[in-house]
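What follows is a single structure, written as structure tokens, with notes after it.
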Amino acid sequence: MPRTMLDPMFQYVTAAEFTEQHLAALLAGTCAAVRIPSFLDPAACQRMVDVLDQLPVHEYDRSRVAEPILRFGPALNDFRIYSGRLDGHRYWPEADRARAAWAMARPRHDPIALALGRLGTAWGSAVTPATIGGRPVFGGTVRELNRGALTHYDEVVRELPGLFDQHVVGQLAFNAWVIGPDSGGETRISRRRWQPADDEHRFSYGYSDVVTADSQQVELVPKTGEALLFNPANYHSVKEAVGRRVALAFFLGLTTRGELVAWS
């Protein structure tokens, strides 16, 4: 049986803060993920937990997702229509409602603003919202994902080509857990990106695990207060959790101008 060769660079890094070098390595594919164990302090996590019941939470479109995933805030992909365009008639009212609800309920020291600020400091310039026709999109969902998530990838330039005013050339995914599960709920990241033949194994919003069966993988256990940054063009999935698994989440995009923009 042939031996599987491993990429020695496809490892996760644990650090006290994100750095420019971390972001560059993730975008270049020379790092699997970067985790910051105490990104949010216990008080910040508790403040976020205290306002969860004040936020309007919805399930993903059940025609796309077999298992319930509760989320506050709209994600662009849920408003993607067959032609690869955004259904703006549905998206923008949801984005406006989510902004208003967040302004009413958000805790003191907004954790999304905190995360964007620290990532901007790492990169050397402020992170700004991605825009469509000059209009900023929503960024910063809260997701309770207890039953796991299918193997999938996220790549806005492929899924919604030409959507933003900015020209995005690389994408990162950010998560910070305000409630970590009692056990399980691991994030699994594969050293494997989408290939055309993979669509033979597509179902619901994701893919059968056969597409990543022979790929190098890393797994990270979510902990309360921890942040994780990775390149979502790599296939990734989430295992079922015991207990609640609640995270703040958004995407970052590197533009041709060397700037970072954010969206959900």
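Throughout, residue positions are numbered sequentially from 1 according to the sequence presented.
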Could you tell me if the side chain of [Y] sits less than 4.5 Å from the side chain of [X], heavy atoms only?
{"X": "Q54", "Y": "W102", "answer": "no"}
{"X": "L23", "Y": "F18", "answer": "yes"}
{"X": "F174", "Y": "F230", "answer": "no"}
{"X": "W92", "Y": "V137", "answer": "yes"}

Answer yes if the side chains of [X] and [Y] hold a donor-acceptor pair under 3.5 Å, and no otherwise.
{"X": "D154", "Y": "H236", "answer": "yes"}
{"X": "N77", "Y": "Y205", "answer": "no"}
{"X": "Y235", "Y": "R192", "answer": "no"}

State whether [X] and [Y] are salt-bridged, where the test is any N-O pair (Lys NZ or Arg NE/NH1/NH2 against Asp/Glu carboxylate O) under 4.0 Å.
{"X": "D165", "Y": "R135", "answer": "no"}
{"X": "R99", "Y": "D96", "answer": "yes"}
{"X": "E226", "Y": "R35", "answer": "yes"}
{"X": "E155", "Y": "R193", "answer": "no"}
{"X": "R244", "Y": "E144", "answer": "yes"}

For residues [X] and [Y]: do they belong to one hydrophobic cluster (side chain heavy atoms under 4.5 Å, members Ile, Leu, Val, Met, Phe, Trp, Tyr)?
{"X": "L248", "Y": "V49", "value": "yes"}
{"X": "V210", "Y": "Y153", "value": "yes"}
{"X": "I112", "Y": "I179", "value": "yes"}

Are any side-chain N or O atoms of [X] and backbone N or O atoms of [Y], one a donor and one an acceptor, separated by less than 3.5 Å?
{"X": "N175", "Y": "A249", "value": "no"}
{"X": "E94", "Y": "G73", "value": "no"}
{"X": "H152", "Y": "L150", "value": "yes"}
{"X": "Q166", "Y": "T131", "value": "yes"}
{"X": "T212", "Y": "S215", "value": "no"}
{"X": "R245", "Y": "G185", "value": "yes"}
{"X": "D41", "Y": "A44", "value": "yes"}
{"X": "D78", "Y": "A75", "value": "no"}
{"X": "Q216", "Y": "Q11", "value": "no"}

Nearest 0.5 Å please: distance from the [atom1] atom of [X] over to the [atom2] atom of [Y].
{"X": "W177", "Y": "M48", "atom1": "CH2", "atom2": "CE", "value": "15.5 Å"}
{"X": "Q46", "Y": "L40", "atom1": "CD", "atom2": "CG", "value": "12.5 Å"}
{"X": "K239", "Y": "E186", "atom1": "NZ", "atom2": "CD", "value": "5.0 Å"}
{"X": "Y12", "Y": "C31", "atom1": "OH", "atom2": "SG", "value": "11.5 Å"}

*If you draw the axis of the six-membered ring of F39, does the NZ or CZ of R118 fall within 45° of it and under 6.0 Å from the ring centre?*
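Output yes; distance and angle both within limits.
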Tell me which one of L229, V13, N234 satisfies side chain to side chain contact (heavy atoms under 4.5 Å, CB included) with L26.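 Considering L229, V13, N234, a side chain to side chain contact (heavy atoms under 4.5 Å, CB included) with L26 is found only for L229.
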Would you find more than 12 non-hydrogen atoms of other residues, nucleotides or ligands less than 6.0 Å from H201 atom NE2?
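More than 12 heavy atoms, drawn from other residues, nucleotides or ligands, come within 6.0 Å of this atom.
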Please give me the minimum heavy-atom distance between L160 and G84, naming the atom from each residue.
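Taking L160 first and G84 second, the nearest heavy atoms are CD2-O, 3.5 Å.
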- Would you please test T255 and F164 for side-chain contact (heavy atoms from CB on, under 4.5 Å) and show each step? CA-CA 10 Å; T255 74; F164 298 144; over 6 Å; no
Counting only pairs under 3.5 Å, give me each side-chain donor-acceptor contact of residues 121-129, with atom names and distances, residues two or more places apart or in other chains.
from, atom 1, to, atom 2, distance (Å)
T121, OG1, G117, O, 3.0
W123, NE1, G258, O, 2.9

